[in-house]
J.: 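If you scroll down you'll find the structure; I have some questions about it.
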Amino acid sequence: ALRAKGIPHACLFGSAACSLYGLKHRVPRDVDLVVFNTNMGQDELKRTIHSADTRFLLVSSKNSENMYKILWYTLSSSPPRHCKIDVLIPGLLDIPSVPSEHVVLRAFKTFRLPVMPLFPLLLLKLCGWEDHRNTAPRKIINDRKDIDEVLAMAVAQQARAAAWLPEAFVATARARAREYV
């Protein structure tokens with residue numbers, strides 16, 4: 001559906017992606033999607049995704065000062081259940097661009113979903129942990145559990161830094177890793 005709407009290259013990251021790799025200690029509460037190689041901004045991407053499928057909803061923020069809409073996906077109509085979808089682009093939150101040939105396809109039910117490679121996913125988890133230490137301390141417990149579990153997966157899979165990752169991204173992640181341990 002996204003390709004038909006001009007969004008050819010995207011992947012999941014965050015806790016939903018970690019779950020697809022095997023994260024066990026919690027169920028993700030939202031889905032983080034990063035869209036690559038696009039000239040669209042976040043709001044236009046959300047509108048485009050919304051127009052691709054009637055199960056996507058665009059809802060105004062509860063904070064009236066926020067002008068952006070929040071994208072939700074309808075999981076079921078009876079009882080009504082929805083999942084928030086965060087749509088991001090590289091550069092925001094230190095998210096690197098991932099070449100399409102490095103996106104990993106992971107099985108979910110009858111689908112194969114595009115997921116960020118494990119090593120940059122781990123580094124982005126470290127980034128979230130660092131951000132939450134300053135802004136949302138209550139999230140740190142889950143961040144630490146996520147990082148520990150994803151790190152164990154990365155070690156088991158012998159995940160390595162990829163040559164395509166920006167040097168600055170890797171250097172910043174190394175500093176975060178030193179702080180983490």
J.: Of all the heavy-atom pairs spanning V103 and P114, show the shortest one and how long it is.
T.: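 Heavy atoms of V103 and P114 come nearest at CG1-CB, 3.5 Å.
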J.: With a cut-off of 3.5 Å and sequence neighbours excluded, list every side-chain donor-acceptor pair involving residues 15-22.
T.:
| from | atom 1 | to | atom 2 | distance (Å) |
| --- | --- | --- | --- | --- |
| S19 | OG | S15 | O | 3.2 |
| Y21 | OH | M116 | O | 2.9 |
| Y21 | OH | L118 | N | 3.2 |

J.: Suppose we screen for ring pair (Phe, Tyr, Trp, His ring centres under 6.0 Å). Which residues come up paired with H50, at least two apart in sequence or across chains?
T.: none
J.: Does the side chain of R106 come within less than 4.5 Å of R112's, by heavy atoms?
T.: no
J.: Minimum heavy-atom separation for I70 and S61, please, with both atom names.
T.: CD1-CA, 3.9 Å
J.: Looking at every non-hydrogen atom in both residues, tell me the closest pair between S100 and H9 and how far apart they are.
T.: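 Result for this residue pair: CA-CE1, 3.1 Å.
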J.: List the atom pairs, with distances to 0.1 Å, where a side-chain N or O of residues 87-99 and a protein N or O form a donor-acceptor pair under 3.5 Å, not counting sequence neighbours.
T.:
| from | atom 1 | to | atom 2 | distance (Å) |
| --- | --- | --- | --- | --- |
| D94 | OD2 | R176 | NH2 | 2.8 |

J.: Any side-chain heavy atom of T48 within less than 4.5 Å of one from M40?
T.: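 A side-chain contact exists here, since the closest heavy-atom pair is under 4.5 Å.
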J.: Check whether any side-chain N or O of D53 sits under 3.5 Å from a backbone N or O of R55 as a donor-acceptor pair, and report yes or no.
T.: yes
J.: Take the angle between the ring planes of Y180 and W129 and call it parallel below 30°, perpendicular above 60°, tilted in between.
T.: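 Taking W129 first and then Y180, their aromatic rings stand perpendicular (interplane angle over 60°).
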J.: Evaluate salt bridge (charged side-chain N to carboxylate O under 4.0 Å, His left out) for K84 paired with D86, printing each intermediate quantity in order.
T.: CA-CA 7 Å; K84 186 172 80 129; D86 291 325; 3.2 Å; yes
J.: Can you check whether P80's main-chain N or O pairs, donor with acceptor, with S77's side chain at less than 3.5 Å?
T.: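 It does not hold such a pair.
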J.: Distance alone, cut at 3.5 Å: any donor-acceptor contact between the side chains of H25 and D146?
T.: yes
J.: Cut-off 3.5 Å, no hydrogens considered: what does the side-chain donor-acceptor table look like for residues 161-171, sequence neighbours left out?
T.:
| from | atom 1 | to | atom 2 | distance (Å) |
| --- | --- | --- | --- | --- |
| W164 | NE1 | H102 | ND1 | 3.4 |
| W164 | NE1 | H102 | NE2 | 3.4 |

J.: N63: what forms a side chain to side chain donor-acceptor pair (under 3.5 Å) with it, not counting sequence neighbours?
T.: none
J.: Taking only residues two or more places apart in sequence or in another chain, which ones pass ring pair (Phe, Tyr, Trp, His ring centres under 6.0 Å) with W72?
T.: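 In terms of ring pair (Phe, Tyr, Trp, His ring centres under 6.0 Å), with neighbours along the sequence ignored, W72 is linked to no residue.
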J.: For I147 and L122, which heavy atoms make the closest approach, and how far apart are they?
T.: O-CD1, 4.0 Å
